[in-house]
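Reviewing the structure listed below.
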Amino acid sequence: MATAVECDVLVAGSGAGGLAAAVTARRHGLEVIVAEKEPLYGGTTARSGGWLWIPNHPMQAAIGIKDSLEEASTYLLHETGEKYDPERIDAFLTAGPRMVDWFQRETALRFDPSATFSDYHPDAPGGKPGGRSIVASAFDGRELGAMLAKLRPPLPELTVFGVMIGSGAELVHFMRWSKSPASAAFVARRLIGHGCARLFHGRGVRLTNGNALAGRLLKSAMDCGVALWNGSSLESLYKEGNVVRGAHLKKDGEPIQIRTRKGVVLACGGFPQDAARRQRLFSHTEHYSPAPPGNTGDGLRIAQSAGARIDETLPNAAAWVPVSRVPRHDGSFGLFPHFIDRAKPGVIAVTPKGRRFVNEGNSYHDFIQALFAQKETSAWLVTDHRAIRAYGLGFVKPWPLPLGTHLRSGYLISGSSFKDLAAKIKINESEFEKTLIRFNENAKSGSDPEFGKGSTAYNRFYGDSEIRPNPCVAPIVAAPFYAVKVVIGDLGTYAGIATNGNAQVLDENKRPIPGLYAAGNDALSIMGGNYPGPGITLGPAMTFGWIAGRHLAQAGN
């Protein structure tokens with residue numbers, strides 16, 4: 001017989017959306033349980049970049065950014081097209097700044113703004129060349145005490161010797177450590193500090209990016225008395241009439257019945273590891289997701305069984321990203337998402353046909369959409385010796401770290417000439433050589449008439465400001481030449497549970513199901529299948545988590 005437990009709110013999932021809802025509801029006086037399916041807390045958030053896209057956030061004035069609700073609405077109308085949802089977009093744009101202010105005032109959350117991290121389409125109507133995205137401030141994991149061991153670590157492939165690298169100035173130091181004594185000293189201090197932390201705590205304690213966001217949310221939940229259950233999977237909901245009154249869980253394998261006085265929030269992380277739903281919604285079969293293994297679509301499946309409408313009509317069912325498969329010492333493979341390297345001068349991407357197909361400096365989502373347009377499922381990032389030693393490529397780090405390990409593992413392929421490299425990676429040799437000759441001729445003057453690499457503020461954000469006149473374009477001429485294969489991955493799923501502006505789950509007749517809410521990647525994305533800027537998953541996740549928590553508590557304006 002199942003153990004019976006009662007609370008006001010049950011939250012399924014411990015990513016940004018779930019913890020935001022839990023902390024908000026608890027801070028408004030409700031008794032809250034967070035049920036996390038896996039042994040570790042933090043979900044995909046803990047592996048992410050930690051950025052939130054929040055137009056008109058309260059720190060914009062301090063960094064000299066002018067924004068408006070009208071500009072943000074215009075931009076999202078352009079980005080989402082016919083999938084524009086006025087109710088939910090208005091709720092997001094109105095509540096987002098208030099959410100940031102509330103969390104910074106009431107909890108352990110702290111954010112750093114960026115004046116230069118651009119919208120992904122800054123030249124579109126309402127777009128901005130920077131200022132709308134904020135990132136979780138670095139966090140001392142020791143504040144979590146014993147709970148630090150239960151926080152999901154970052155992807156090892158996105159660390160340097162296990163060190164989490166913060167965005168902005170910290171990332172610049174790591175990129176320039178071989179060129180600047182000050183950067184070298186900074187990196188040395190970080191590595192030494194990380195080594196000491198591992199000796200005393202078993203892992204790094206200076207948390208950055210998504211790990212800092214998840215850590216700060218976890219600390220906030222602990223501070224206000226949220227009950228945190230790991231190893232607790234949501235099995236089903238139960239209703240009285242049309243009202244959701246609780247759920248059935250398995251906690252450490254034992255059945256538990258939760259009766260909720262207010263409601264249930266589904267924040268199980270979407271379906272990136274649900275092979276069946278992926279097969280139905282994705283046009284490609286070879287797919288690699290860096291999401292946690294437990295994100296198997298539980299929230300969508302359970303909501304649908306309770307009468308919820310699942311919207312699978314978006315033009316893109318997920319947020320796409322090119323990833324490379326990194327051989328690990330145990331014979332398995334890790335995944336490296338390619339965010340930064342594609343924009344660097346001296347890097348291009350080609351299909352198996354040997355031709356370029358995209359402005360490599362565009363967003364990861366746009367990169368994969370361009371690959372889809374070529375009816376391909378993989379591509380090669382190509383560079384020369386100068387660029388790989390200056391910037392690295394994927395998991396390959398810049399000088400002075402060696403290339404040999406990656407060459408021996410097969411992750412990195414080298415060729416003495418364009419023809420030699422093409423033969424080794426099995427692409428069209430003559431087309432590849434023509435592509436490089438044409439690209440190099442234009443690159444001498446810093447131009448890219450074919451695809452316009454370096455033409456937007458977003459391109460230039462990840463370029464090299466010391467390369468003139470175009471920080472994203474340089475000839476590929478210094479032998480030997482190198483290539484890394486990229487395949488299709490995701491940063492979260494877009495198709496999901498239909499909700500309204502209060503984060504309430506809707507039934508097939510678009511009516512709210514009383515007592516049921518959804519946030520994070522379980523909820524249908526408000527971005528219409530597009531990817532407008534850095535943080536467009538975490539920004540809405542936290543905002544609608546906050547909205548759900550307040551609605552459950554019946555908090556006023």
Side-chain angles (χ1 to χ4, degrees), residues 10-24 32-52 109 136 139 141 144 147-156 158 164 207-222 226 228-234 249 264-274 289-303 318-319 321 335 337 489-494 496-497 503 517-523 525 535-546 548-549:
L10 172 68
V11 177
S14 65
L19 287 179
V23 171
T24 304
V32 182
I33 295 172
V34 169
E36 168 55 52
K37 176 182 181 180
E38 298 201 356
L40 301 173
Y41 298 103
T44 306
T45 298
R47 291 182 166 182
S48 73
W51 287 89
L52 286 73
L109 265 290
F139 180 61
L144 292 173
M147 190 64 82
L148 177 61
K150 296 182 180 180
L151 175 66
R152 182 177 299 281
L155 282 173
L158 289 179
M164 288 176 265
L207 313 184
T208 64
N209 299 339
N211 222 237
L213 179 60
R216 287 181 175 278
L217 280 165
L218 194 57
K219 178 66 164 61
S220 301
M222 293 163 60
V226 171
L228 297 163
W229 294 2
N230 59 349
S232 303
S233 60
L234 183 68
L249 305 181
V264 176
V265 181
L266 300 174
C268 304
F271 62 93
Q273 304 293 8
D274 181 351
S289 178
N295 291 16
T296 54
D298 297 351
L300 278 68
R301 186 168 52 254
I302 289 168
V321 64
L335 296 177
D490 69 80
L491 295 177
T493 49
Y494 279 164
I497 303 166
Y517 299 74
N521 289 340
D522 272 0
S525 170
I536 57 86
T537 53
L538 290 176
M542 280 201 64
T543 300
F544 282 106
W546 184 73

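Everything numeric here is computed off the predicted structure, so don't read it as measured data.
- Within the structure, no pair that satisfies the salt bridge (charged side-chain N to carboxylate O under 4.0 Å, His left out) test touches residues 14-24, not counting sequence neighbours.
- Listed by chain and residue number, nothing satisfies the side-chain hydrogen bond (donor to acceptor under 3.5 Å, both in side chains) test with Asp274 (two or more places apart in sequence, or in another chain).
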(message) Does Arg301 form a side-chain contact (heavy atoms from CB on, under 4.5 Å) with Phe271? I'd like the steps, not just the answer.
(response) CA-CA 9 Å; Arg301 186 168 52 254; Phe271 62 93; over 6 Å; no

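- Qualifying side-chain contact (heavy atoms from CB on, under 4.5 Å) partners for Thr44, counting only residues two or more places apart in sequence or in other chains: Ala291, Pro292, Asn295.
- Residues satisfying the side-chain hydrogen bond (donor to acceptor under 3.5 Å, both in side chains) test with Ser233, not counting sequence neighbours, are Glu235.
- Of the inter-residue distances, the one linking Leu217 atom CG with Leu213 atom CG reads 5.0 Å to the nearest 0.5 angstrom.
- Contact detail for Ala12 and Leu234: the closest heavy-atom pair is CB-CD2, 3.9 Å.
- For the side-chain contact (heavy atoms from CB on, under 4.5 Å) test, residues two or more places apart in sequence or in another chain that qualify with Ala318 are Phe282, Trp320, Asp490, Thr493.
- From Glu38, atom CD reaches atom NZ of Lys150 across 14.5 Å, with rounding to the nearest 0.5 Å.
- Between the Arg216 side chain and the Ala136 main chain, no donor and acceptor come within less than 3.5 Å of each other.
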(request) Check the pair Leu10, Val265 against side-chain contact (heavy atoms from CB on, under 4.5 Å), reporting the backbone distance first and the verdict last. (result) CA-CA 6 Å; Leu10 172 68; Val265 181; over 6 Å; no

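- Taking each heavy atom of Leu207 and Ala212 in turn, the nearest pair found is O-CB, 3.4 Å.
- At a threshold of 4.5 Å between non-hydrogen side-chain atoms, the residues Thr45 and Asn211 do not count as touching.
- Ser220 contributes atom OG, which lies 9.0 Å from atom CG of Leu19 (distance to the nearest 0.5 angstrom).
- Closest approach of Gly17 and Ala267 over heavy atoms only: C-CB, 4.3 Å.
- Rounding to the nearest 0.5 angstrom, the gap separating the CG atom in Asp522 from the SG atom in Cys268 is 4.5 Å.
- In terms of heavy-atom proximity, Pro153 sits nearest to Leu40 at CD-CD1, 3.9 Å.
- Residues forming a side-chain contact (heavy atoms from CB on, under 4.5 Å) with Ala22 (at least two apart in sequence, or on another chain): Val11, Val32, Val34, Val226.
- Of all heavy-atom pairs between Gly49 and Asn209, the closest is O-CB, 3.2 Å.
- Heavy-atom minimum distance, Leu249 versus Ala35: CD1-CB, 3.9 Å.
- In this structure Gln273 satisfies the side-chain hydrogen bond (donor to acceptor under 3.5 Å, both in side chains) test with no other residue, sequence neighbours excluded.
- Within the structure, no pair that satisfies the salt bridge (charged side-chain N to carboxylate O under 4.0 Å, His left out) test touches residues 10-22, not counting sequence neighbours.
- If you check the side chains of Lys37 and Thr296, you find a donor sitting under 3.5 Å from an acceptor.
- From Ile536, atom CD1 reaches atom CH2 of Trp51 across 14.5 Å, with rounding to the nearest 0.5 Å.
- Judged by distance alone, with hydrogens and angles left aside, the side-chain atoms of Tyr41 form a donor-acceptor pair with the main-chain N or O of Asn230 at under 3.5 Å.
- Rounding to the nearest 0.5 angstrom, the gap separating the CG atom in Leu52 from the CG atom in Leu538 is 5.5 Å.
- Looking at heavy atoms from C-beta onward, Asn521 lies in side-chain contact with Thr537 at the 4.5 angstrom threshold.
- By the side-chain contact (heavy atoms from CB on, under 4.5 Å) test, Lys219 pairs with Ala108, Phe139, Glu143, Leu144, Asp223, sequence neighbours left out.
- Residues that satisfy the side-chain hydrogen bond (donor to acceptor under 3.5 Å, both in side chains) test with Tyr494, not counting sequence neighbours, are absent from this structure.
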(message) For a side-chain contact (heavy atoms from CB on, under 4.5 Å) check, start with the C-alpha distance between Leu218 and Met147, then their side-chain angles and the critical distance, and finish with the verdict.
(response) CA-CA 9 Å; Leu218 194 57; Met147 190 64 82; 3.5 Å; yes

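- Considering only residues two or more places apart in sequence or on other chains, Tyr517 meets the ring pair (Phe, Tyr, Trp, His ring centres under 6.0 Å) condition with His551.
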